[in-house]
Structure formats: C-alpha cells, structure tokens
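Working notes, structure below.
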Amino acid sequence: MTKPEIELTAAEWTIIKAVWENEPCAAPDIQEKLFSQTHWTYSTVRTMMDRMVAKGLLTSEKIRNLSLFRSAVTPAQARRGELAYASNTPSTAR
C-alpha cells in the first residue's frame with residue numbers, strides 16, 4: 001500500500017517552512033515570525049497549525065500550558081507531494 005500524497009495549501013506551506021526553521025516551536029513564535037509577511041493573528045496561526053496536526057502534517061506536544069509543534073513530514077516528502085499535484089493539474093497556459 002502506497003502512502004497518500006501530501007498536498008499543502010499555500011498557507012500550510014508558509015507555516016510548515018517556518019516550523020522547519022524553528023522546531024520545536026510554539027504557535028506564538030510562528031505567528032510573530034510570519035506577521036510582517038502575512039499579517040495573520042495568533043488565532044489564525046493556531047487554528048491552521050491545529051488543522052495541520054489533524055491532517056498529519058505537524059505533531060503537537062503539550063507541556064503544561066504550552067503546545068510545541070514539530071513537522072511530521074520532511075521537506076522532501078512535501079516537495080514530492082507538490083510535484084505529484086502539479087503533474088496531475090491541467091495547465092491553463094497556451
């Protein structure tokens with residue numbers, strides 16, 4: 001049985017790249033790092049990170065009142081999924 005392809009949205013790519021650079025990390029750290037680029041609030045970043053945990057893209061470990069996030073996929077796995085997605089998407093350019 002083959003592993004399902006990993007497909008990330010543009011927002012998920014933004015977050016997972018920041019996680020790869022800073023793991024383990026907390027959502028406030030990622031929000032602060034990305035704010036100048038995205039203007040996302042803490043609740044937006046936390047919601048997206050929680051959804052990424054549910055999708056199996058991130059893992060979360062609770063230490064007292066802090067959740068630490070780590071990537072559950074490698075950059076190579078994410079790129080393979082992106083390449084597979086791009087090769088199956090019809091081109092609109094002529």
Side-chain angles (χ1 to χ4, degrees):
M1 185 172 197
T2 61
K3 289 183 180 180
E5 293 297 332
I6 297 166
E7 292 183 23
L8 289 95
T9 66
E12 289 169 343
W13 268 111
T14 301
I15 288 177
I16 204 159
K17 286 178 187 176
V19 171
W20 285 329
E21 293 174 6
N22 299 283
E23 61 187 324
C25 56
D29 299 330
I30 298 300
Q31 187 269 335
E32 185 178 308
K33 180 173 178 58
L34 297 177
F35 185 77
S36 65
Q37 172 188 347
T38 64
H39 298 288
W40 291 335
T41 63
Y42 165 76
S43 61
T44 298
V45 172
R46 179 60 192 249
T47 298
M48 287 195 301
M49 291 178 82
D50 287 340
R51 288 178 181 168
M52 290 173 74
V53 169
K55 287 175 73 173
L57 301 171
L58 298 177
T59 63
S60 177
E61 175 186 8
K62 187 91 167 165
I63 301 174
R64 295 188 188 163
N65 64 345
L66 179 67
S67 293
L68 288 180
F69 293 88
R70 289 181 173 81
S71 61
V73 296
T74 66
Q77 289 171 316
R79 281 191 297 272
R80 273 195 302 274
E82 192 69 12
L83 290 173
Y85 174 77
S87 67
N88 290 328
T89 303
S91 174
T92 57
R94 295 190 183 242

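Predicted model only: the values in this text are computed from it and were never measured.
Listed by first and then second residue, the side chain to side chain donor-acceptor pair (under 3.5 Å) pairs that reach into residues 51-64 are Glu12-Lys55, Glu61-Arg70, sequence neighbours excluded. Among residue pairs with one or both ends in residues 17-37, those qualifying as ring pair (Phe, Tyr, Trp, His ring centres under 6.0 Å) are Phe35-His39; sequence neighbours excluded. Residue pairs meeting the salt bridge (charged side-chain N to carboxylate O under 4.0 Å, His left out) criterion with at least one member in residues 24-50, sequence neighbours excluded, are Glu21-Lys33, Arg46-Asp50.
Between Lys17 atom NZ and Ile30 atom CD1 the span is 13.5 Å, to the nearest 0.5 Å. To the nearest 0.5 Å, the span separating OG1 on Thr14 from CH2 on Trp40 amounts to 4.5 Å. For the atom pair CD1 of Ile15 and CG of Leu34, the computed distance is 7.0 Å after rounding to the nearest 0.5 Å. Ile6 contributes atom CD1, which lies 7.0 Å from atom OG1 of Thr74 (distance to the nearest 0.5 angstrom). The CD atom of Gln77 sits 9.0 Å away from atom OG of Ser71, with the distance rounded to the nearest 0.5 Å.
Minimum interatomic distance between Ala78 and Trp13 (heavy atoms only, all atoms of both residues): CB-CH2, 3.5 Å. For the pair Leu57 and Ile16, the tightest heavy-atom approach, listed with the atom from each and the gap, is O-CD1, 3.8 Å.
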Test side chain to side chain contact (heavy atoms under 4.5 Å, CB included) on Met52 and Val19 and set out the steps. CA-CA 12 Å; Met52 290 173 74; Val19 171; over 6 Å; no

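Among residues two or more places apart in sequence or in another chain, the side chain to side chain donor-acceptor pair (under 3.5 Å) test is passed with Ser36 by none. Applying the side chain to side chain donor-acceptor pair (under 3.5 Å) criterion to Thr41, with sequence neighbours excluded, gives Ser43, Thr44. Applying the ring-ring contact (aromatic ring centres under 6.0 Å, His included) criterion to Tyr42, with sequence neighbours excluded, gives no partner residue. For the side chain to side chain donor-acceptor pair (under 3.5 Å) test, no residue two or more places apart in sequence or in another chain qualifies with Gln37.
Residues Leu66, Leu68 make up the rest of the hydrophobic cluster containing Ile63, defined by ILVMFWY side-chain heavy atoms closer than 4.5 Å, directly or through other members.
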